[in-house]
Amino acid sequence: MKTIKKYIIATLGSHSSLQILKGAKDEGFKTLLIVKKDRVDFYKTFPFIDEFIEIDSYKDFPKIEEILIKRNVILIPHGSFVAYLGFEKNKAMKVLYYGNKSVLDFEEHRLKQRKWLEEANINMPKLFTNINTIDYPVIVKSYGAAGGKGYFYARNKTDYKNKIKQMKSKQFIIQEYVIGVPLYVHYFYSNITNKLEIMSIDKRYETNVDSLGRIPLTSQQGLTIEPSYVVVGNSTLVLREAMLSQAYDMGLRTIEASKKLIDKKGLYGPFCLETVISPEQEFFVIEISCRIVAGTNLFTHGSAYSWLYYDEPMSTGRRIAREIKIAIQKDKLKSILG
Amino acid sequence: MKTIKKYIIATLGSHSSLQILKGAKDEGFKTLLIVKKDRVDFYKTFPFIDEFIEIDSYKDFPKIEEILIKRNVILIPHGSFVAYLGFEKNKAMKVLYYGNKSVLDFEEHRLKQRKWLEEANINMPKLFTNINTIDYPVIVKSYGAAGGKGYFYARNKTDYKNKIKQMKSKQFIIQEYVIGVPLYVHYFYSNITNKLEIMSIDKRYETNVDSLGRIPLTSQQGLTIEPSYVVVGNSTLVLREAMLSQAYDMGLRTIEASKKLIDKKGLYGPFCLETVISPEQEFFVIEISCRIVAGTNLFTHGSAYSWLYYDEPMSTGRRIAREIKIAIQKDKLKSILG
Amino acid sequence: MKTIKKYIIATLGSHSSLQILKGAKDEGFKTLLIVKKDRVDFYKTFPFIDEFIEIDSYKDFPKIEEILIKRNVILIPHGSFVAYLGFEKNKAMKVLYYGNKSVLDFEEHRLKQRKWLEEANINMPKLFTNINTIDYPVIVKSYGAAGGKGYFYARNKTDYKNKIKQMKSKQFIIQEYVIGVPLYVHYFYSNITNKLEIMSIDKRYETNVDSLGRIPLTSQQGLTIEPSYVVVGNSTLVLREAMLSQAYDMGLRTIEASKKLIDKKGLYGPFCLETVISPEQEFFVIEISCRIVAGTNLFTHGSAYSWLYYDEPMSTGRRIAREIKIAIQKDKLKSILG
């Protein structure tokens with residue numbers, strides 16, 4: 001059995017890095033955080049980070065790549081990687097990288113993503129291309145928008161025309177606004193054991209939309225409040241058990257479709273289907289995230305679901321580290337690196 | 001001390017079955033799941049289910065009852081039992097069944113239920129029978145409506161008259177709509193130790209009402225959105241501690257009243273008081289569920305409350321299994337079967 | 001090393017007393033609850049309370065102080081202390097008391113509090129003194145209002161003038177109503193190790209405002225619903241990790257400023273910054289609580305954050321007991337008593 005001793009697990013100090021490195025430490029790895037100078041004191045208060053590399057900006061990441069390669073660092077990507085480094089630089093990285101980089105293309109381009117989910121027979125909100133045929137209300141999303149920033153809601157054509165003028169991005173999609181409750185399912189798919197698990201479920205906490213209900217009708221009169229969808233936190237949910245096997249099956253079909261459409265390896269590791277559930281109890285998938293999502297930060301000590309699979313606390317961060325450990329021990333590390 | 005070895009704990013694959021069987025396994029029982037064919041693969045991903053009986057529909061349950069009886073199965077009922085099998089078939093079951101079946105009558109019939117809670121001196125929303133004397137807004141609920149489906153809200157008489165036409169059920173009640181926050185208290189009452197515990201607390205996640213606050217006033221203009229109350233999930237809550245002893249006392253009084261009104265044994269095992277709390281910090285109980293509720297699914301590893309009673313993870317599912325184990329060991333199994 | 005055996009940890013039976021005494025017991029202390037007669041049966045159902053002193057009303061607390069002093073009781077204050085005993089009686093207590101009483105002044109007087117937070121360079125909503133210069137909407141808060149009771153919202157001058165007439169308190173502030181999501185950060189600062197920790201994060205559950213979003217626009221027509229902010233519970237949140245170091249730094253600056261402004265010891269132990277986060281991801285601190293807050297009741301078995309620092313369940317209640325234990329063992333008890 002190969003040893004994990006010569007590897008270091010590392011990530012950028014943001015998004016879900018605490019969970020990732022805590023999990024790595026729990027699995028016996030050495031841990032390293034690449035972190036901006038103004039945050040390092042904060043991260044130093046945690047006992048599970050062995051080493052820090054300070055940089056001025058996450059954009060400086062490529063400057064230190066050489067060091068990481070020499071030290072056998074396995075990098076765990078999270079949402080901030082694409083946000084800070086950009087899509088092309090992510091793909092160009094030479095450091096050991098957990099996950100299939102070919103998936104990034106399909107995640108980034110909203111129409112490719114849609115094709116993938118259609119292939120997986122996943123129900124989605126309608127997509128509009130001709131603004132004369134839109135059934136309002138809609139939500140308009142720029143490409144690669146991070147954390148809901150830059151999304152807007154339009155209740156009719158006039159509203160749409162006013163708001164699209166202020167849209168900075170030229171690449172965007174117009175999606176049916178499904179009236180129903182949002183719910184995010186966090187999966188983990190092992191391409192070593194070929195097993196899919198539901199790790200946890202959350203709901204995003206978005207400013208300002210998640211505070212608007214607190215202002216009643218009469219109190220809103222005279223105020224023009226534009227809804228915004230900036231994610232600043234997450235809260236715990238469980239799904240009605242009768243719908244849980246459907247959620248599981250959606251995950252399975254997404255994996256299967258990725259193997260056909262993207263490449264042989266397809267999607268593996270943590271991913272998330274972002275759904276809205278209608279009063280008819282139908283799932284509408286509004287997006288897929290192909291890496292660890294911030295909603296899993298709720299579950300550093302395990303979730304209502306992970307405790308059904310594991311008799312020890314199993315966060316998604318720890319699950320990743322466990323997968324890497326198993327891969328190393330079985331001499332299959334290459335098969336999980338991107 | 002009698003052994004639990006000859007018993008198998010079983011339930012239907014839905015609602016809260018994962019929690020129930022995980023809890024049973026943690027207590028040392030053999031476990032069995034009666035499950036629809038299209039869900040069996042999903043349930044097989046969990047390590048704590050020893051055996052599966054596949055059926056085409058939960059309505060086919062009676063066909064397998066003979067087998068269950070022969071194998072000393074103790075069945076744990078949950079919300080899907082009444083929903084799928086109907087009230088009469090539940091009562092007619094011959095298999096070992098945890099809980100007092102006499103309670104089902106009082107739970108099913110909304111007016112009997114009300115009488116019970118009145119006997120327990122529980123505060124409830126007003127009930128209207130003459131539509132000319134209604135104080136609007138109201139909520140209209142059909143009998144035995146599962147998961148909030150078929151409820152409707154009416155803000156005035158015209159609204160009521162329009163909506164009642166579409167109501168399928170002939171049996172319904174008209175309840176005052178209390179403007180306040182919903183909160184569900186999960187209790188467990190042991191009729192062996194005569195002790196009541198607050199196991200956990202949740203809030204339901206209902207589509208579409210729990211998403212409507214995300215659409216501000218100006219954005220709702222031109223849309224006619226009818227509120228619906230279909231439960232698709234649950235989220236965690238704790239109650240202000242100053243009100244916790246009141247919640248506890250409501251539970252105690254409910255138990256006491258059941259012994260007077262229903263039969264000597266009365267209500268035991270898990271139950272839930274579904275409350276709305278007004279700005280005057282008054283509880284209004286809108287319903288009682290006399291079995292494990294889905295909100296407990298949040299707490300497979302214990303809740304903020306269960307960890308105060310137990311130094312090990314204690315879900316409501318596990319608490320049931322523990323109760324059965326104690327009953328078997330003390331040779332009191334009969335006293336907890338319905 | 002000094003022994004903790006001669007000390008008893010005690011508090012009033014309300015607010016967060018279960019968590020405090022459970023934590024004290026886990027750390028090896030004897031525990032005592034001072035409790036109103038009508039609540040004693042409820043508290044007796046928990047296994048970690050060694051002793052009870054029953055009183056008729058929390059206002060009778062001074063009558064038993066002599067006993068507490070004789071028995072080496074260390075009292076842990078929580079939100080109900082100021083609410084029930086009043087500010088002056090709290091300061092006048094002679095019993096061993098965890099925390100710096102000099103801080104109470106600054107917490108109680110809203111303008112002193114504001115000065116403190118300004119000194120700490122904390123961003124706050126605007127404060128208005130001249131009603132002719134107000135930018136509406138605003139929220140009006142009486143001094144020392146417990147649990148959000150007595151707050152009101154005003155959307156314009158007419159609304160303000162109508163509502164201020166009904167305000168009982170003569171002491172109040174008029175604050176800008178920031179449209180954004182509320183989020184409460186629970187800190188613990190050790191003045192023995194000089195280390196600050198983020199223990200957990202919650203959102204309050206307020207009646208009726210947290211239910212209003214469930215009534216859509218058309219259904220609210222004809223109803224005049226006045227928003228109220230009475231706290232009856234709490235729910236779990238995590239904060240976007242990119243903002244976590246900011247939250248940490250706000251905590252540090254608050255501690256530093258307290259040492260300058262209040263006295264040498266300054267603020268230590270548990271405290272909470274109550275924030276609203278705008279769509280620009282800016283924190284607005286609306287209040288500080290200088291003791292354990294009820295939101296920590298969610299985390300009797302630890303939180304997503306505490307599990308990053310500790311490999312055992314660490315509630316804020318337990319963290320307090322641990323601090324007292326360390327102080328006793330290092331013969332530094334005096335430095336943590338107020």
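The chains referred to below are lettered A, B, ... by the order of the sequence lines, with proteins before strands, and numbering in each begins at 1.
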If one checks every heavy atom of B:Y153 against chain C at 4.5 Å, the contacting part turns out to be side chain

Is it true that the side chains of B:E197 and B:Y310 contain a donor and an acceptor less than 3.5 Å apart? yes

Chain C contact via B:I215 - side chain, backbone, both or neither, heavy atoms under 4.5 Å: neither

Applying a strict 4.5 Å limit to non-hydrogen atoms, the region of C:L212 in contact with chain B is side chain

Do NZ/NE/NH1/NH2 and the carboxylate oxygens of C:D50 and C:K25 come within less than 4.0 Å? yes

Determine whether the side chains of B:S303 and B:S200 contain a donor N or O and an acceptor N or O closer than 3.5 Å. no

Chain B: which of C:S228, C:A294, C:S219 shares the most heavy-atom pairs with it under 4.5 Å? C:S219

Region of B:D311 that comes under 4.5 Å of a non-hydrogen atom in chain C: side chain

Segment of C:L223 engaging chain B (4.5 angstrom heavy-atom cut-off): side chain

Which portion of B:S235 sits near chain C, non-hydrogen atoms under 4.5 angstrom: neither

Highest number of heavy-atom pairs under 4.5 Å with chain C among B:A304, B:G213, B:P137, B:P279 belongs to B:P279

Both conditions, 6.0 Å and 45 degrees, for the charged tip of C:K22 above the ring of C:F46: are they met here? no

Run the side chain to side chain contact (heavy atoms under 4.5 Å, CB included) test on C:Y229 and C:T207 for me, step by step, so that the C-alpha distance in whole Å, both residues' side-chain angles and the decisive distance to 0.1 Å come before the verdict. CA-CA 6 Å; C:Y229 303 89; C:T207 176; over 6 Å; no

Can you tell which of C:S315, C:G233, C:S211 has the highest number of heavy-atom pairs within less than 4.5 Å of chain B? C:S211

Count the heavy atoms belonging to other residues, nucleotides or ligands that lie under 6.0 Å from NZ of C:K59, then report whether that count exceeds 12. no

Look at C:K36 together with C:D56 and state whether they make a salt bridge at an N to O cut-off of under 4.0 Å. no

Under 4.5 Å from a heavy atom of chain C, the part of B:Q221 involved: both

So for C:Y43, is it side chain, backbone, both, or neither that comes closer than 4.5 Å to the heavy atoms of chain B? side chain

